[in-house]
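Notes follow the structure.
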Amino acid sequence: MKQAGDGRTNGQAGSGGIAADLAVGGRVRALRRARGLSLKAVAARAGLSIGFLSQVERGLSSPSLRVLTAIADVLEVGLSGLFGAAAPAPDAIVTRPHERAELTLWRSGIAKQLLTRPDGDARLSLFLMRLSPGASTGDEFFAHDGEEAGLVLEGRLDLAVEDATMRLESGDSFRFASRRPHRYGNPSESDETVVLWVNAVATTLREGR
């Protein structure tokens with residue numbers, strides 16, 4: 001799988017990528033401050049350097065999905081908590097297409113649309129994930145709290161969970177505990193992969209450890 005970098009050293013973001021980095025960074029900073037955590041504390045718990053986390057918060061570096069999930073764990077939110085969409089009405093059930101929040105990992109070639117509203121009490125999030133040709137989470141495995149499942153809607157997906165590497169075609173589905181080291185990517189050099197992806201956050205993450 002193609003390596004997904006953590007900075008902007010190997011390419012140009014363009015205005016869209018820079019805007020995405022600024023939005024994610026601002027959300028991380030807001031959540032960290034709301035929890036009364038220092039840069040040093042979050043960086044140490046997430047296994048990152050203070051300098052790199054500071055760059056992420058200022059929108060100067062583009063974090064990989066592995067880095068974002070590590071930060072989300074420390075901040076005790078699911079990945080959907082980093083999308084920064086407006087809080088829903090108390091009884092909001094339906095999400096219209098124009099209301100979807102999106103997280104773009106431009107360096108990795110991965111875009112995730114949040115199909116469910118980010119509710120502070122919700123443990124389940126539904127995403128529509130698009131992987132550009134050759135896109136991946138990188139060569140390094142990562143793990144985080146919760147459980148995930150999905151259905152490949154278009155294209156192919158290479159999914160590695162611990163020692164097992166599987167190629168999924170359109171119509172194939174999967175489920176695994178997110179604490180099992182994993183990585184994934186689009187093996188095609190020409191076709192996009194589209195996956196309906198579900199993340200369920202562990203109860204302890206919502207209720208506090």
Discussion item. Any side-chain to backbone donor/acceptor pair from Ser132 onto Ala135? Under 3.5 Å, distance only.
Written reply: no
Item to complete: Could you tell me whether the side chain of Arg35 and the main chain of Leu75 form a donor-acceptor pair under 3.5 Å?
Response: yes
Practice prompt. Just do the side chain to side chain contact (heavy atoms under 4.5 Å, CB included) check on Leu60 and Asp21 with the steps written out, would you?
Written response: CA-CA 7 Å; Leu60 301 178; Asp21 292 342; over 6 Å; no
Worksheet item: Would a 4.5 Å heavy-atom cut-off, applied to side chains only, mark Val195 and Leu151 as touching?
Response: no
Discussion item. By the definition side chain to side chain contact (heavy atoms under 4.5 Å, CB included), identify the one residue from Leu65, Asp73, Ile71 that meets it with His144.
Written reply: Asp73
Worksheet item: From Glu99 CD over to Thr116 OG1, what is the distance, rounded to the nearest 0.5 angstrom?
Response: 12.0 Å
Item to complete: Just do the side chain to side chain contact (heavy atoms under 4.5 Å, CB included) check on Thr165 and Leu159 with the steps written out, would you?
Response: CA-CA 6 Å; Thr165 299; Leu159 174 64; over 6 Å; no
Worksheet item: Just how far is it from atom CG of Leu39 to atom OG of Ser49, taken to the nearest 0.5 Å?
Response: 10.5 Å
Response to the item:
Closest heavy-atom pair, Arg29 versus Glu57, reported as atoms and distance to 0.1 Å, is NH1-O, 2.6 Å
Worksheet item: Taking the side chain as C-beta and beyond, is there a heavy-atom pair between Val198 and Phe127 under 4.5 Å?
Response: no
Fill in: Nearest heavy atoms of Arg167 and Pro187, plus distance in Å
NH2-CB, 3.1 Å
Fill in: Exceeds 12 heavy-atom contacts within 6.0 angstrom, atom CD of Glu169
yes
Item to complete: Would you kindly confirm whether Leu157 and Met166 end up in one hydrophobic cluster when ILVMFWY residues are joined by side chain heavy atoms under 4.5 Å apart?
Response: yes
Item to complete: Any chance you could measure Ser136, atom OG, to Leu131, atom CG, to the nearest 0.5 Å?
Response: 8.5 Å
Discussion item. Restricting to non-hydrogen atoms, name the atom on Thr69 and the atom on Arg66 that form the minimum distance, rounded to 0.1 Å.
Written reply: OG1-O, 2.9 Å
Response to the item:
Here the gap from Lys112 atom NZ to Ser125 atom OG, rounded to the nearest 0.5 Å, amounts to 9.0 Å
Worksheet, complete the sentence: All heavy atoms of Ser61 vs all of Gln55, minimum pair found to be OG-OE1, 2.9 Å
Discussion item. Leu103 and side chain to side chain contact (heavy atoms under 4.5 Å, CB included): which single residue from Leu114, Val24, Ile110 fits?
Written reply: Val24
Discussion item. Is there a side chain to side chain contact (heavy atoms under 4.5 Å, CB included) between Val67 and Phe52? Walk through the geometry before answering.
Written reply: CA-CA 10 Å; Val67 167; Phe52 176 63; 3.9 Å; yes
Worksheet item: Can any side-chain N or O of Thr104 pair as donor or acceptor with the backbone N or O of Trp106 at less than 3.5 Å?
Response: no
Discussion item. Donor-acceptor check, side chain of Thr193 to backbone of Arg156, threshold 3.5 angstrom: yes or no?
Written reply: yes
Practice prompt. Of all the heavy-atom pairs spanning Ala72 and Leu82, show the shortest one and how long it is.
Written response: CB-CD1, 4.2 Å
Worksheet entry | Ring center gap for His182 and Phe176 short of 6.0 angstrom | yes
Discussion item. Once rounded to the nearest 0.5 Å, what's the spacing between atom OH of Tyr184 and atom CZ of Phe174?
Written reply: 8.0 Å
Discussion item. Could you report the tightest heavy-atom contact between Leu68 and Pro63, atom names first, then the distance?
Written reply: CD2-CG, 3.6 Å
Worksheet entry | CZ-CG distance between Arg123 and Asp145, expressed to the nearest 0.5 angstrom | 13.0 Å
Worksheet entry | Glu147 backbone acceptor or donor facing Ser178 side chain under 3.5 Å | yes
Discussion item. Test side chain to side chain contact (heavy atoms under 4.5 Å, CB included) on Leu128 and Arg130; report intermediate values, then the result.
Written reply: CA-CA 7 Å; Leu128 185 66; Arg130 297 183 181 275; 4.0 Å; yes
Fill in: Side chain Asn199, main chain Gly146, donor-acceptor under 3.5 Å
no
Discussion item. With a 3.5 Å distance limit and no angle check, can you tell me whether Arg32 reaches the backbone of Leu37 through a side-chain donor-acceptor pair?
Written reply: yes
